[in-house]
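Keep in mind that the numbers below use all heavy atoms, side chains included, and drop hydrogens, waters and symmetry copies.
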There are 2 protein chains.
Amino acid sequence: MIGRQEADSIERRSGVSLWRQIADRILQAIATGDFAENAALPPEVVLAERYGVNRHTVRSAISALVQEGVLRAEQGRGTFVLSRKRLSYPIGTRTRFSTGLQSQTSERHIVLLSSSVEPASQRVAEGLGLARGTEVIRLETRGEADGRPVSRAAGWFEARRFAGIDRAMAETGSITASLARFGIDDYLRQSTVLSARHADAADLADLDLQPGAIVLVTVAVNVTPDGEPLQFSETRFSAERVELRLSAL
Amino acid sequence: MIGRQEADSIERRSGVSLWRQIADRILQAIATGDFAENAALPPEVVLAERYGVNRHTVRSAISALVQEGVLRAEQGRGTFVLSRKRLSYPIGTRTRFSTGLQSQTSERHIVLLSSSVEPASQRVAEGLGLARGTEVIRLETRGEADGRPVSRAAGWFEARRFAGIDRAMAETGSITASLARFGIDDYLRQSTVLSARHADAADLADLDLQPGAIVLVTVAVNVTPDGEPLQFSETRFSAERVELRLSAL
DNA sequence: TATAGTTGTCTATATCAATAGACAAATTTA
DNA sequence: TAAATTTGTCTATTGATATAGACAACTATA
């Protein structure tokens, strides 16, 4: 990389405190592998000079990350990296939570948080090709890998056709397995729209994030091989824990 | 949507000032179309109550957005939305800047900012299937639509094979047209990895963003239909101006 | 032409964020 | 063991952030 010197500088009077900007930088460095797992961070004085701030400001950043479980500080020894690189979550025509992360994690599963029946909103109705107001089942789920939450999703299914999918989901912990109970043995991703924003209060709680964190948001429609809409979903990924790999679509 | 009441609340002591969080919310609302273009924002007192902060705090947020050219405030009348919804940028096997945004913009083009020859870094070499250190040409470009910067990209090409592609790029303003001069009349996107982070100082300058803004980052490899690597690229999109639509090819 | 509704400006106060310096406490190294 | 290195704690000061209240200036409308 060239000309990245000044990019290491920090924005003042930006509404984002310096300690949080520095915490972000450190997270970023860990996520991209610049700070290896278990390795010691440069000493506080060095970081302070690198970012052009006071040592105490660096300490604020570090203490936030210690709180967050990303770093461990040991008096007299140094500060060490606990967390690992980002998971790489594949998105393609055959997107499946568990299989996608299989090779990168020792354990992953989906937890059903809640379910409800509601009239389809405009966008849900559009996505599923239903009339607005048609009853749909809404499943709120969280995806976890190696004990850490990585994604939070809301999925909508036509209520009439998929009555009981909430129970299936609770029992199997898998969308794929749940759909199989309704005779769907294959489904494809028809469309995905992707955006990013700051995590809101709900995201922070659901994904166990700190304020100021970023979430990647996908809005997708899954269909049968024939093109019949099955599921409309909105998923939020923690941008600091996962990256999305667009596999041959 | 259900249960979004509390999500409207704001995080204190988060390292992100309240006025900036509120500015983000308003931007978000505009981007998703919740606040229509040219429409009046709710009065300051109402916003203050909605977000649970003082009116002066809301005013700070609004004044930042006025500065940014997103809002226009008129004493006695109200505050009005100037900017429009996010552009939807398609990503698929045939991803082309200009064609992708054609229907949504009246004008778009790519500006060549700089070019240089350098030895391939680890990741560039891997992406292009070259030995590390092989000479590559690096093109720095900015994509603009309707006069606003939407993306900032670095692209790497094998220097030996694509000598002069910088000139071609400067003249044509198009990757597709430049590659055509080297006998490449079609190319496909082989892989794309997507992540999100806060904009750094370089992003802020290049994309004309405000501190605290978010960028979507894609790292991609383009290949010939035969699978021969042509281009390795890293692109940063302003998350408040574009969303990425993953198109099935 | 009042009146209500809205943005703009001013003063004051309290808390958070950042800098500065000094030294304690723990660990590693010479 | 002594010295060097590193994190932890304390005090003090400055500027940015947030709250509070009052009122001016401007616009639309009854």
Side-chain angles (χ1 to χ4, degrees), chain A residues 8-26 35 38-82 198 201 210-212, chain B residues 8-26 35 38-82 198 201 210-212:
Chain A
D8 246 18
S9 72
I10 294 280
E11 300 294 319
R12 291 167 191 263
R13 287 181 212 86
S14 66
V16 183
S17 64
L18 300 188
W19 65 262
R20 177 138 295 285
Q21 293 185 57
I22 291 169
D24 281 343
R25 292 290 182 81
I26 295 174
F35 291 154
N38 295 322
L41 239 56
E44 295 168 350
V45 199
V46 174
L47 289 176
E49 187 171 9
R50 174 180 307 179
Y51 295 123
V53 300
N54 192 274
R55 180 185 156 222
H56 294 292
T57 307
V58 169
R59 281 181 60 73
S60 298
I62 289 177
S63 98
L65 294 177
V66 167
Q67 205 67 26
E68 209 170 322
V70 175
L71 300 175
R72 185 185 64 247
E74 294 182 31
Q75 183 168 356
R77 294 195 65 218
T79 304
F80 302 88
V81 178
L82 290 177
H198 282 117
Q210 295 303 112
Chain B
D8 247 17
S9 71
I10 295 281
E11 300 296 317
R12 289 166 193 265
R13 286 180 211 86
S14 65
V16 183
S17 64
L18 301 189
W19 65 263
R20 177 138 293 286
Q21 292 186 55
I22 290 168
D24 281 342
R25 292 294 181 81
I26 295 174
F35 291 154
N38 296 321
L41 239 59
E44 295 169 350
V45 198
V46 175
L47 289 175
E49 186 171 10
R50 175 182 307 178
Y51 296 123
V53 301
N54 192 275
R55 181 187 154 221
H56 294 293
T57 307
V58 168
R59 281 181 61 74
S60 298
I62 288 176
S63 97
L65 294 177
V66 167
Q67 205 68 27
E68 210 169 322
V70 175
L71 300 177
R72 184 185 67 246
E74 293 182 30
Q75 185 169 355
R77 294 195 64 219
T79 304
F80 302 87
V81 178
L82 290 177
H198 282 117
Q210 296 303 112

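Distance, B:W19 CH2 to D:dT19 C1': 17 Å, rounded to whole Å. When rounded to the nearest whole Å, the span between CZ of A:R20 and C1' of C:dC16 equals 14 Å. For the pair A:E49 CD and C:dT19 C1', the interatomic distance rounds to 16 Å; values are reported in whole Å. What separates CG of A:L47 from P of C:dA18 is a distance of 16 Å, to the nearest Å. Atom-to-atom, CZ of B:R72 to C1' of D:dT27 comes out at 14 Å; the value is rounded to the nearest Å.
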Please report, to 0.1 Å, the donor-acceptor pairs under 3.5 Å made by any side chain of residues 69-79 of chain B, with sequence neighbours excluded.
| residue | atom | partner | partner atom | Å |
| --- | --- | --- | --- | --- |
| B:R72 | NE | B:E74 | OE2 | 2.9 |
| B:R72 | NH2 | B:E74 | OE2 | 3.3 |
| B:E74 | OE1 | B:R77 | NH1 | 2.9 |

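Note on B:N54: every side-chain N or O is 4.0 Å or more away from OP1 and OP2 of D:dA18. OP1 or OP2 of D:dT19 sits under 4.0 Å from a side-chain N or O of B:T57.
The salt bridge (charged side-chain N to carboxylate O under 4.0 Å, His left out) check on A:R20 picks up nothing, with sequence neighbours excluded. The salt bridge (charged side-chain N to carboxylate O under 4.0 Å, His left out) test applied to B:E49 returns no partner, not counting sequence neighbours. In this structure, the side-chain contact (heavy atoms from CB on, under 4.5 Å) partners of A:P43, at least two apart in sequence or on a different chain, are A:V46. Take A:T57 and apply the side chain to side chain donor-acceptor pair (under 3.5 Å) test, not counting sequence neighbours, and it matches no residue.
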query: Quick one: what's the B/S/- string for nucleotides 3-14 of chain C, heavy-atom cutoff under 4.0 Å, read 5' to 3'?
result: --BBBBBB----
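Counting only distance, with no hydrogens or angles, the side chain of A:E44 and the backbone of A:V58 share no donor-acceptor pair below 3.5 Å.
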